[in-house]
Amino acid sequence: MMYTLYIYKVVREYADGTQGKRAKTLCRYEPDLEIGGMYANLGAGIPGTTASIEHDD
């Protein structure tokens, strides 16, 4: 069975709309994030509110 790995680049976004300086890479087996979407608590190592800014598969 072959799995597709979806790689997202996410960055922390604060309440005033500013974004953090360093992006983190998030890997998933399902395409469950939208580019430009806002997400809270995506998992271990990515706390708080984050925005999905890039997708690579």
Side-chain angles (χ1 to χ4, degrees):
M1 182 173 220
M2 186 90 167
Y3 291 103
T4 301
L5 188 62
Y6 296 90
I7 302 169
Y8 297 94
K9 189 177 285 188
V10 295
V11 66
R12 186 170 181 120
E13 186 151 334
Y14 300 100
D16 63 357
T18 59
Q19 291 185 342
K21 292 181 181 180
R22 291 174 295 279
K24 291 191 175 195
T25 302
L26 177 68
C27 299
R28 297 279 173 111
Y29 288 111
E30 296 180 8
D32 53 357
L33 299 181
E34 279 187 33
I35 302 304
M38 295 293 297
Y39 300 96
N41 299 325
L42 286 173
I46 308 177
T49 306
T50 55
S52 176
I53 58 172
E54 191 175 305
H55 175 262
D56 187 27
D57 52 312

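For clarity, every value in this text was computed on a predicted model and none was experimentally measured. Computed over heavy atoms, backbone and side chain alike; hydrogens, waters and symmetry mates excluded.
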What distance separates Q19 CD from T49 OG1, expressed to the nearest 0.5 Å? 12.0 Å
Working to the nearest 0.5 Å, report the span between OG1 of T50 and CZ of R12. 9.0 Å
Apply the hydrophobic cluster definition, ILVMFWY joined by side-chain contacts under 4.5 Å directly or through others, and give me every member besides I53. V11
Which donor-acceptor pairs under 3.5 Å do the side chains of residues 27-48 make with protein atoms, sequence neighbours left out?
unit_1: R28; atom_1: NH1; unit_2: D32; atom_2: OD2; d: 2.9
unit_1: R28; atom_1: NH2; unit_2: L42; atom_2: O; d: 3.0
unit_1: Y39; atom_1: OH; unit_2: E34; atom_2: N; d: 2.7
unit_1: N41; atom_1: OD1; unit_2: G48; atom_2: N; d: 3.2

Would you compute the distance between atom CE of M2 and atom OG1 of T4 and round it to the nearest 0.5 angstrom? 7.0 Å
